[in-house]
Amino acid sequence: MTATESSREMLQIAAAAADAKGAEDLVALDVSEPLPLVDIFLLATGRSERNVAAIADEVEQKLLEAGHKRLRREGRQEARWVLLDFGDLVVHVFHEEERVFYGLERLWKDCPVVPIELPAHAGETDAASGSRHA
């Protein structure tokens with residue numbers, strides 16, 4: 001299996017929203033092979049609890065505005081690792097320390113990376129992955 005066009009469109013909305021709130025190290029993984037109920041994981045990092053909450057809130061708002069239904073949200077209160085489950089797309093917004101500690105990239109290293117196309121802005125972007133670097 002491979003991620004659907006619909007889930008890729010959701011990814012672009014979520015990534016743009018996260019980027020607009022200063023998310024760093026955006027990485028999208030196609031997890032459709034090992035997880036038949038999910039197509040893509042989007043991983044993003046915030047520099048503080050406040051930033052993590054702002055990123056998660058913006059992603060959720062933009063996906064809801066686009067007509068996508070949120071199935072579950074976890075971790076918003078603590079804002080150290082917020083999980084937003086939109087079915088085909090699951091967004092993980094981490095505080096820097098949690099991202100390193102849990103290492104989801106290591107756990108899912110066999111899954112292909114899905115390209116992210118971010119709108120042009122003043123920050124530097126990696127053209128191949130769309131990841132923004134600090």
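Just so you know, residue 1 is the first one in the sequence shown, and it goes up from there. Given the structure is predicted, the values throughout are model-derived calculations rather than measurements.
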Could you tabulate the donor-acceptor pairs under 3.5 Å formed by side-chain atoms of residues 85-97, not counting sequence neighbours?
residue : atom : partner : partner atom : Å
D85     : OD1  : G87     : N            : 2.8
H92     : ND1  : W81     : NE1          : 3.1
H95     : ND1  : E97     : N            : 3.3
H95     : NE2  : R80     : NH1          : 3.3
E97     : OE1  : R80     : NH2          : 2.6

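- To the nearest 0.5 Å, atom CG of residue L11 and atom OG1 of residue T4 are 10.5 Å apart.
- For the pair E60 and L64, the minimum side-chain heavy-atom distance is below 4.5 Å.
- Atoms CZ and CD, from R47 and E24 in turn, are 4.0 Å apart once rounded to the nearest 0.5 Å.
- Within the structure, the side-chain hydrogen bond (donor to acceptor under 3.5 Å, both in side chains) test picks out the following pairs touching residues 100-113 (sequence neighbours left out): R99-E105.
- Taking the side-chain contact (heavy atoms from CB on, under 4.5 Å) definition, one finds that Q77 meets it with nothing, sequence neighbours left out.
- Not counting sequence neighbours, the partners of Q61 by the side chain to side chain donor-acceptor pair (under 3.5 Å) test are E65.
- A search for side-chain contact (heavy atoms from CB on, under 4.5 Å) contacts involving A16 returns P119, not counting sequence neighbours.
- In terms of heavy atoms, L118 sits closest to A15 at CD2-O, 3.6 Å.
- Residues L29 and V27 are in side-chain contact: their nearest non-hydrogen atoms beyond the backbone lie under 4.5 Å apart.
- Heavy-atom minimum distance, L26 versus A18: CD2-CB, 4.0 Å.
- A14 and L42 get closest at one heavy-atom pair: CB-CD2, 3.8 Å.
- Remark: S6 OG to I40 CD1 distance equals 9.0 Å, nearest 0.5 Å.
- Atoms NE2 and OG, from H68 and S7 in turn, are 10.0 Å apart once rounded to the nearest 0.5 Å.
- Between D57 and the choices R70, K21, R76, R73, the salt bridge (Lys or Arg N to Asp or Glu O under 4.0 Å) rule is met once, by R76.
- For the atom pair CZ (R8) and CD1 (I116), the distance works out to 11.0 Å, reported to the nearest 0.5 Å.
- Counting heavy atoms from C-beta outward, V82 and E74 have side chains that stay 4.5 Å or more apart.
- Residue pairs meeting the ring pair (Phe, Tyr, Trp, His ring centres under 6.0 Å) criterion with at least one member in residues 7-38, sequence neighbours excluded, do not occur.
- A 4.5 Å side-chain heavy-atom check between L107 and L104 finds at least one atom pair inside the cut-off.
- For the pair D30/C111, no side-chain contact is recorded, criterion being any heavy-atom separation below 4.5 Å from C-beta on.
- Annotation: ring pair (Phe, Tyr, Trp, His ring centres under 6.0 Å) contacts involving residues 14-40, sequence neighbours excluded, are absent.
- Between D39 and V31 there is no side-chain heavy-atom pair separated by less than 4.5 Å.
- In plain terms, the two heavy atoms of A3 and S32 that are nearest each other are N-OG, 3.7 Å.
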